[in-house]
Amino acid sequence: MKTILKTENIDKFFYDPIEFHVLKNISFDVKKGEFLSMIGKSGSGKSTLLYILSTMDTDYKGELFID
């Protein structure tokens, strides 16, 4: 199947009030037709990752491929 979304080594930091490493080395791919869900406790980085995947947040390290 064709890959429609791929992340490679996504890292995200927040700097205020101190440096905090929010996302660490996130890599995965999504194939056409797949259905995914994301679960985790409050503050684990779910919304931060979704903002990156939606391209609303561009201040991160790593690569995001969307086709």
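The minimum heavy-atom distance linking Val22 with Gly45 is given by the pair CG1-CA, 4.3 Å. Nearest heavy atoms, Lys46 versus Gly40: NZ-O, 2.9 Å.
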Taking distance alone, no hydrogens or angles, what donor-acceptor pairs closer than 3.5 Å link side-chain atoms of residues 57-67 to residues at least two apart or in another chain?
| unit_1 | atom_1 | unit_2 | atom_2 | d |
| --- | --- | --- | --- | --- |
| Asp57 | OD1 | Lys12 | NZ | 3.4 |
| Asp57 | OD1 | Asp59 | N | 2.9 |
| Asp57 | OD2 | Lys12 | NZ | 3.0 |
| Asp67 | OD2 | Lys2 | NZ | 2.8 |

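Among residues at least two apart or in separate chains, ring pair (Phe, Tyr, Trp, His ring centres under 6.0 Å) pairs with a member in residues 18-41 are Phe13-His21.
Residues Tyr51 make up the rest of the hydrophobic cluster containing Met56, defined by ILVMFWY side-chain heavy atoms closer than 4.5 Å, directly or through other members.
Residue Ile52 holds its CD1 atom at 9.5 Å from OG1 of Thr7, rounded to the nearest 0.5 Å.
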*Going through the checks in order, is the side chain to side chain contact (heavy atoms under 4.5 Å, CB included) test met by Lys31 and Asp29?*
CA-CA 7 Å; Lys31 307 286 187 203; Asp29 62 338; 3.1 Å; yes
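For the side chain to side chain contact (heavy atoms under 4.5 Å, CB included) with Leu53, the lone residue among Ile10, Leu5, Thr48, Val30 that qualifies is Leu5.
Checking side-chain atoms of Asn9 against main-chain N and O of Asn25 turns up no donor-acceptor pair under 3.5 Å.
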